[in-house]
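Just so you know, ligand 1 is whichever comes first in the structure, and atom 1 is the first atom listed for that ligand. The structure displayed is predicted, hence computed values, not measured ones.
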Amino acid sequence: MNDPCPVCGLILQREEGYFLGAMYVSYTIGTILVGGGFFLAQWLFPQAGDFAVIGGVVFLYLLMTPAVFRYARAIWIYFDRWGCLEDTSAGPYEKARVLELTESTCNSDRPASN
Ligand SMILES: [Zn+2]
């Protein structure tokens with residue numbers, strides 16, 4: 001995962017363990033997809049057994065795991081930033097990362113003679 005965002009410069013990981021909250025989002029998405037997929041598959045294939053339906057739905061869900069992983073993180077970032085759009089709530093890790101990034105940017109822009 002890029003940190004910071006290459007487009008807008010947003011520091012994605014605000015602190016150590018920041019994306020632990022994304023696990024709750026991922027769990028919710030997974031429950032909706034697998035649960036909804038189970039009932040949809042039962043409706044579409046009424047003669048199929050429950051274990052075949054569950055196996056098929058879980059297999060399809062495993063194929064979607066990379067997308068669920070990314071969207072869970074994006075939703076978590078939106079949820080977190082919803083409360084505070086600015087960086088006034090930045091923790092020590094985020095502040096240190098901002099400083100680190102600005103120093104490296106300034107040093108790379110500076111001519112070698114300075
Ligand atoms: Zn961005």
Short side-chain to backbone donor-acceptor contact, Trp76 and Tyr18, under 3.5 Å: yes
Taking C-beta and beyond as the side chain, do Pro4 and Leu101 meet within less than 4.5 Å on heavy atoms? yes
Taking 2.8 Å as the strict upper bound, the Zn ion (ligand 1) has protein N, O or S neighbours numbering 2
Do the side chain of Ser26 and the main chain of Met23 share a donor and acceptor less than 3.5 angstrom apart? no
Quick check on the hydrophobic clustering: are Ile29 and Met64 connected, directly or via other members, by side-chain heavy-atom contacts under 4.5 Å? yes
Closest heavy-atom pair, Val53 versus Ala41, reported as atoms and distance to 0.1 Å, is CG1-CB, 3.6 Å
Closest approach of Ala22 to Ala72 (non-hydrogen atoms, all atoms of both residues): O-CB, 3.6 Å
